[in-house]
Amino acid sequence: MTSLARVGDDARFAEPFAAVAGGRWRHPSSMGIKVNLYRGFEVAALAAATAEPGVEGCPLECVMVGDSYFMTHLGRASTALATAEEQAWGMDVLESLVAEVRGELDQSFPTPARPCLLADLPNGAAATVERAVVAGGRMVEAGADAVKIELADEAALAAVEALSDRGIPVVAHLGYTPQSDALARHGDSLASAFALFALARRARDAGASAIVLEMVSEAVNRALSAAAGGRPGTLPTYSIFSGRAPYGAQSLNVWDAVFRPVKTGRSFPPTARHDASTERHLYTEPRIASALSRLLRMTLAGEFPPSPRSRLGPDDLDVLRRTDPWVDAGEPPPGRGPVRRGDAPTPVAAHRAGHEVFDDFESAVRTYSRRFPAVFTRARHHLVRDEDGREYVDFLCGAGALNYGHNHPAVIGPVLEYLRDGGIVHGMDLHTAAKRDFIRSIVEVVLQPRGLRYRLQFTGPTGTNAVEAALKVARRATGRTGIVAFTNGFHGMTLGALAATGSAFKRGGAGVPLVHVSRLPYDGYLGDSVDTLDLVVAMLDDPGSGLDRPAAFIVEAVQGEGGVHVAGEGWLRRLEEVARERGILLILDEVQTGCGRTGPFFGFEHAGLVPDLVCLSKSLGGAGLPIGLLLVRPDLDGQAPGEHSGTFRGNNLAFVAGAAALGLWRDPAFVDGIAVRSAHLGARLDALAAREGAAGCSARGRGMLRGLAWADKGRAGRVSQALFAAGMLAETCGPHGEVLKLMPPLTIDVGALEAGLDLLERVVGSTP
Ligand SMILES: *Cc1c(COP(=O)(O)O)cnc(C)c1O
């Protein structure tokens, strides 16, 4: 048996959690990570994952050898150990795993970045003080820095106290405690929240060093974590499926990362239903590393874990916000009635004041708001302002929906006038004067000067609606079902368009098979020396290739979301030719590239194409007002009246704004202005990329749709965050978020563009 006196003298055991979690409280958005694993090779995979671009330097605070090993690797139905023999066996198994993981941790992680090692005490090991002392001692002897005890009963609390007294750091597990509890979420009523708070305080008073919160409602997790803030009398928190919390840490599980696609991670525990003996061949170090790096990336981006909707009412949430869980606040206020201010427990400084409504009520699926956490109020031209009066230069521009900047007076003016005048706002597909003006504008400004003849099909108001309509028209006209889309293409989030979208993450959200789309390589996918159309042609013309003749190709002239990849003019022309020769229709998805984003009105104009179908949306509504439009070659316009319809095809405000924006195109100075700005933007970014040459930086794009990519795939994300802090909005794109996307308004004045680029240069230079 171990000599417990030795433990207290060893510096490694001095407040391990305060030490590793200490950095977390410097900024509310910073987060800690705990990873549950079992074996040495999983530690090696974790080390590989945390060395990946975009994940490196992630705040890995501790790893835990968990008793879920009995389920994951040994195929048992639960972590329960019923008999004394089983409990002795369980303790032996975990003890040897701890020794194995200790060895690999010391090998794989150099000292400053080495997470501390937490050992789970298996069922029964903390049933009495005596057994807990023996078990804790064995774990420490095997190499653990601390042990975890599930607070299932009073005996467990006594065990926490006994171990802490003997200098063995203990993490107390609250909420759902798998060894003894029915599967349920905790903290969905005020009474249960206050009971959890009381238990957390008892754990602290018993000497616990940190707490784990499992399946606790997000509001309660947040209260415990936010109030901690590193103050004396509070404990660091690690949460499992309890949503996100400022100053909180997330607990991830290696096995789940591999076997449970992250998107369905809301059901828990997932491990019981996997028989390790049949899955083991899938559980290899490289697979674990890649699954983990994906899960870590999502966690760092705030996309994991999903947070189920709170069952606490607004008044309850208000009480929680004003409660310091680490101070005894007495009884919870009864029921959901209005709370009198006089009753308020010790107030806690609200973190990120003004965000509570979003955090409490908005869906977990929100994404931009996580990267740019401000509350925006007003905007003009290229500038956006937040509630605190901070200004941001907008190089995000609604991902291409704000080509004319915010609230362009020539666009918004007519909208205000139209509203004041009592104009029709909603009109199904009824004829309105506003729609007539819009159609005339499109025909006169866009189609006639280019010698293009199309029918105008107004679809539902989004880009994906226009894409769905295009796919329908193409399939109907050809009688074929297949569509060929290209690698890294993005076409929208409804099922048809999603099937044509490259990103596995986005397609994974569908929940049903996405069918009838084949993928072929976009221009440049295999490097500059390969013309990917050689493969396309070979496959189309070979009855043995497995690729049947499709109804259509759908393609972007420049891939926006996919990473700012530009298709060569020759490639696009050849694609058109290949399509024509084989009776395949050509759909240009101009949702992002349209309305001047790449210079001319359409992104395909450089190549001189005449597509069969053209999808437009985003900036077509002039001022960020939604409108979707499909341009259809007249002889393909064969749908029966009402065969495709939609309530919001007649957004007359968008018609008014859109016509006003098209009016800008009548001025040659406007068109020339885009070229001037594009040239500035391109030249400055080329120079910046050259200066960053040592970092493997390249500039790409066309017109006012540009990107910067670095060899370090995480750099773009860090620059985007640093830009936000410095007062600029610019998002990332590409399959790894590895490209910083720069989309200033087409109308930005040149001085402001230069100033924005100066800022970008400074921030790039100072962001490692
Ligand atoms: C944005 C986008 C879409 C989808 O538009 P939504 O309005 O988001 O549905 C489709 N295709 C491309 C190329 C896009 O950039």
Side-chain angles (χ1 to χ4, degrees), residues 365-369 396-403 457-472 474 483-503 505-507 509-510 514 517 519 522-523 552-567 572 586-598 601-604 609 611 613-631 644 646 648-649 651 654 657-658 701-707 731-735 739 741-743:
V365 79
R366 64 195 189 278
T367 168
Y368 288 99
S369 54
L396 166 66
C397 276
L402 291 164
N403 284 3
Q457 179 184 348
F458 293 98
T459 66
T462 66
T464 200
N465 295 148
V467 170
E468 294 289 344
L471 300 178
K472 262 193 198 180
I483 300 289
V484 164
F486 293 89
T487 49
N488 286 314
F490 179 82
H491 300 291
M493 299 302 280
T494 51
L495 292 183
L498 192 54
T501 290
S503 161
F505 171 61
K506 300 221 183 291
R507 277 185 292 106
L514 296 172
V517 174
R519 204 95 31 198
Y522 192 71
D523 191 21
F553 293 123
I554 182 164
V555 68
E556 297 155 274
V558 178
Q559 294 184 325
E561 301 308 298
V564 194
H565 299 292
V566 181
L572 284 172
L586 181 60
I587 305 171
L588 260 289
D589 181 347
E590 290 277 337
V591 171
Q592 190 155 157
T593 46
C595 304
R597 185 39 76 182
T598 70
F601 189 84
F602 293 112
F604 61 75
L609 306 186
L613 295 153
V614 181
C615 307
L616 287 167
S617 180
K618 292 217 162 95
S619 278
L620 196 61
L625 294 172
I627 181 173
L629 177 63
L630 179 64
L631 303 179
H644 185 84
F648 287 104
R649 289 168 300 147
N651 182 359
R702 172 164 247 164
M704 300 290 273
L705 173 49
R706 302 279 177 165
E731 66 171 320
T732 58
C733 61
V739 181
K741 190 156 111 182
L742 301 159
M743 299 178 87

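This structure is a prediction, so every number in the text was calculated from the model and none was measured. One-based numbering, in listed order, for ligands and for the atoms of each.
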Worksheet item: What atoms in ligand 1 come closer than 4.0 Å to a heavy atom of T462?
Response: 7 (O), 9 (O)
Discussion item. On a heavy-atom basis, which atom in S619 and which in A401 lie closest, and how many Å separate them?
Written reply: OG-C, 3.1 Å
Item to complete: Go through the structure and list residues passing salt bridge (Lys or Arg N to Asp or Glu O under 4.0 Å) with K741, not counting sequence neighbours.
Response: E561, E731
Worksheet item: Is there side-chain contact between V555 and L586, with heavy atoms separated by less than 4.5 Å?
Response: yes
Worksheet item: What are the two closest non-hydrogen atoms of L620 and L616, and how far apart are they?
Response: CD2-CB, 4.0 Å
Fill in: Ligand-side contact atoms (ligand 1) for residue partner H491, heavy atom cut-off under 4.0 Å
10 (C), 11 (N)
Fill in: Within-4.5 Å side-chain heavy-atom neighbours: L630 and L613
yes
Item to complete: Would you please name every residue forming a side chain to side chain donor-acceptor pair (under 3.5 Å) with T732, sequence neighbours left out?
Response: none
Discussion item. Does any part of the side chain of P611, heavy atoms only, come nearer than 4.5 Å to the side chain of I587, both counted from C-beta?
Written reply: no
Response to the item:
shortest atom 9 (O) of ligand 1-to-protein heavy-atom contact is with T464 N, 2.8 Å
Worksheet item: When only distance counts, is Q592 in polar contact with ligand 1, meaning an N/O pair under 3.5 Å?
Response: yes
Practice prompt. Could you list the atoms of ligand 1 found under 4.0 angstrom from a heavy atom of E556?
Written response: 13 (C)
Item to complete: Specify the protein heavy atom at minimum distance from atom 1 (C) of ligand 1: its residue, its atom name, and the distance to 0.1 Å.
Response: K618 NZ, 1.5 Å
Discussion item. Starting from atom 11 (N) of ligand 1, what is the nearest protein heavy atom, named by residue and atom, and what distance separates them?
Written reply: D589 OD2, 2.7 Å
Worksheet, complete the sentence: The option among G594, P461, G463, P626 carrying the non-hydrogen atom nearest to atom 5 (O) of ligand 1 is G463
Discussion item. Below 4.0 Å, non-hydrogen atoms only: which portion of M493 touches ligand 1? Side chain, backbone, both or neither.
Written reply: neither
Fill in: Side chain, backbone, both or neither: the part of V591 lying under 4.0 Å from ligand 1 by heavy atom
side chain
